[in-house]
Each structure stands twice: as C-alpha cells, then as structure tokens.
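Accompanying notes for the structure given below.
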There are 2 protein chains.
Amino acid sequence: MDATDRRIIEALQQNSRMTMKELGEVIHLTGQATATRVKKLEDLGVIEGYTIRINEERIGLPIHAMITIYTTSTFHDPYLLFLKEHRQFVRHNYKVSGDGCYLLECRFPTNQELNAFLDGLSKYVNYKLSLVIHQNTQ
Amino acid sequence: MDATDRRIIEALQQNSRMTMKELGEVIHLTGQATATRVKKLEDLGVIEGYTIRINEERIGLPIHAMITIYTTSTFHDPYLLFLKEHRQFVRHNYKVSGDGCYLLECRFPTNQELNAFLDGLSKYVNYKLSLVIHQNTQ
DNA sequence: GCAACTCCTTTCATCATTCAAGTAAATCAA
DNA sequence: TTGATTTACTTGAATGATGAAAGGAGTTGC
C-alpha cells in the first residue's frame with residue numbers, strides 16, 4: 001500500500017469501470033502493471049468488490065430512515081431475524097456504543113411500508129425514528 | 001424500468017466490473033442490447049456511477065463514528081464549512097428530522113484524530129457520539 | 001559477484017466493445 | 001387495412017482492452 005495504490009483506490013472510487021489502460025494513464029503505469037496492482041489490492045481484501053451508486057429515489061425508494069434501536073431483552077436474535085425477513089428495506093444495521101444498541105438504516109417506497117415495518121419492529125425492540133431530509137455525501 | 005432493468009441493477013450491484021457480454025448472459029440478451037440498456041439507466045440518472053467497496057479498516061481507518069449534531073444557532077454555515085475542511089474524515093452528512101439536526105458519519109485512523117475532530121466540532125455545534133462496533137450490510 | 005525477488009515493460013493472441021446496418025414487433029394515423 | 005414511425009433487438013466487422021509469457025532493471029542478502 002503505497003501512494004500509487006492510494007491513487008488507484010481514489011480513481012476507482014470515482015469510476016470503477018474505467019479500463020486498466022485508462023487507470024494506468026492516471027497513475028503513469030502501463031495497463032498491465034496497473035492490473036497487477038489492482039489484483040493485489042483485491043487479494044489483500046482492500047478492494048472488497050465493485051458496485052454501482054444508484055439513485056434510490058428514482059427506483060421508487062424515496063423514504064430514507066435512520067432508526068435508533070433500544071433492545072428490551074438481552075436476546076437480540078428475534079430482532080436480527082426480523083431484519084433478515086425485511087432485508088429488502090435494510091441498508092445497514094450498525095451495532096453501536098452510545099445511544100441505543102443498533103443504528104438501522106433503511107429505505108422505503110412509501111410511508112405505508114415504513115409504518116408496517118415499524119409496527120413489526122415494535123414487537124421486538126423500542127426505537128426512535130429519524131428521517132433523512134437531505135444527504136450530503138463527500 | 002422493467003424487470004430486466006431491475007435485474008441489470010441487481011447484477012451490477014454485485015459486480016459492476018462484469019463485461020456487458022457476461023451481464024447479457026445473465027439477463028438473456030446480447031452484449032450490445034445490454035450495453036444499450038445500461039447506457040439508458042445512466043442517462044436516466046438511475047445509475048449514478050461506478051465505485052468500489054473498500055475495507056476501510058485495511059486502509060487505516062478503523063474508527064467508525066456516528067455523530068448526532070445539535071446546532072446551537074440557526075446559522076449552519078460554520079458547521080458545514082468545518083465539514084468541508086475535514087472532508088477526509090466525513091462519509092455522509094444527513095440532514096434529519098427527529099433527534100438532532102444532522103447525523104454525521106465519519107471514519108478516523110485513531111482516537112487522537114477523532115478527539116481533535118470533536119474538539120473542532122464543539123466550537124460550532126453540540127453533539128452526541130456513537131461508535132460503530134460492528135457493521136451488518138445487507 | 002551472484003542468486004533471488006520485485007516491479008515494471010513489451011509483444012502477441014484472445015476477447016470485449018462499439019458502430020453501422022438490418023430485422024421484427026408494436027403503435028399510430030389515415 | 002395500409003403505410004410510416006418508433007422501439008428493441010441481432011448480426012458482423014473494425015477497433016480497442018485484456019491477459020499470458022518473456023525479459024529487463026533495480027534491490028536485497030549472502
């Protein structure tokens with residue numbers, strides 16, 4: 001992991017579909033040497049995969065919820081199972097220190113779905129709901 | 001946006017570097033027809049870009065903080081400027097309803113950097129810190 | 001000095017992409 | 001019904017990217 005590797009990561013974060021030749025031009029290496037370095041970063045587990053940034057509003061998921069979870073019992077499995085059953089809505093489930101036990105990030109198509117999800121959720125845990133109004137990704 | 005487009009998005013979320021030919025095999029189209037559909041999804045703004053999943057622990061950013069921000073004045077610009085000056089640490093700044101005004105997601109190399117960041121932050125806003133212990137991405 | 005290693009380049013065969021041309025089906029207006 | 005238009009796809013050929021093999025240059029340790 002040297003400065004060149006960091007520039008590879010930076011460039012691939014911007015556009016992971018650029019060719020190894022193009023990426024090589026950015027970091028002043030041949031496409032082949034670049035591909036070898038990228039392969040090494042994959043093998044090291046630094047690059048975990050290649051994905052897309054999608055506009056969730058445009059695929060019908062305008063509601064973005066941040067839900068602080070307060071587990072009532074020490075037995076978290078029913079809650080975790082509930083998440084598994086509703087994974088279509090769940091983006092992240094962060095186990096946190098501080099306020100609450102988990103911070104749950106979800107996406108919903110409508111308030112009806114959000115409401116139904118919260119109704120189900122309340123069988124297992126207490127929660128506090130925050131809705132994202134605007135997102136500023138760096 | 002039909003079922004085929006949704007399958008394209010699903011496949012590209014798994015691996016955005018697959019070839020259009022490979023993707024075409026998944027959705028039973030030629031590489032050319034697939035590339036045309038992907039281009040359309042880009043033009044529609046559904047696909048916003050191509051990026052990588054990186055292991056932030058392995059690039060020296062093991063500390064994952066969720067910071068609830070309570071602005072003391074109605075003038076948020078000093079806080080937003082502070083974020084801009086420390087954008088290396090900032091992943092997301094969500095404007096939220098509910099508890100607090102913003103939910104700030106950050107990454108830090110060490111507790112020293114986190115501490116320095118919080119010292120700076122406290123000049124502009126009140127905050128409540130949560131540290132992510134474990135992350136469960138769906 | 002020499003062997004082993006790392007990191008890179010060059011070359012070439014193979015494979016993917018892209019453009020142009022053409023087909024087939026659906027929509028629409030007369 | 002007919003003909004024009006549009007949409008979505010396929011095919012084929014040229015261009016460009018990838019990946020494997022061979023080799024060069026610099027570094028390290030003995």
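In the text below, chain A, chain B and the rest are named by the order of the sequence lines, each starting its count at 1.
At whole-Å resolution of the value, NZ in B:K39 and C1' in D:dA8 are 16 Å apart. Note: CG (B:L29) to P (C:dT17) measures 14 Å, nearest angstrom. Nucleotide D:dA8 holds its C1' atom 17 Å from the NE2 atom of B:H28, rounded to whole Å. If you take CG of B:D5 and C1' of D:dT7, they are 14 Å apart, rounded to a whole angstrom. The distance between atom CG of B:L41 and atom C1' of D:dA8, rounded to the nearest whole Å, is 14 Å. Separating the NZ atom of A:K40 from the P atom of C:dT6 is a distance of 10 Å, rounded to the nearest angstrom.
B:T72 places no side-chain N or O within donor-acceptor distance of the main-chain N or O of B:V125, the cut-off being under 3.5 Å. Of the possible polar contacts, one joining the B:R58 side chain to the A:L44 backbone as a donor-acceptor pair under 3.5 Å is found. Using modelled atom types, one side-chain atom of A:R17 and one backbone atom of B:M18 make a donor-acceptor pair closer than 3.5 Å.
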Q: For each nucleotide in nucleotides 15-22 of chain D, reading 5' to 3', give B when a protein heavy atom comes within less than 4.0 Å of its base, S when such contact involves only the sugar-phosphate, and - otherwise.
A: --SSBB--
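Across B:P62 and B:P109, no two heavy atoms sit closer than the pair CD-O, 3.3 Å.
Side-chain polar atoms of B:H76 and B:Y102 form a donor-acceptor pair below 3.5 angstrom.
One hydrophobic cluster, built from ILVMFWY side chains closer than 4.5 Å, cannot hold both A:I54 and B:I52; they sit in different ones.
Taking side-chain N and O atoms only, A:T30 has a distance below 4.0 Å to OP1 or OP2 of C:dT9.
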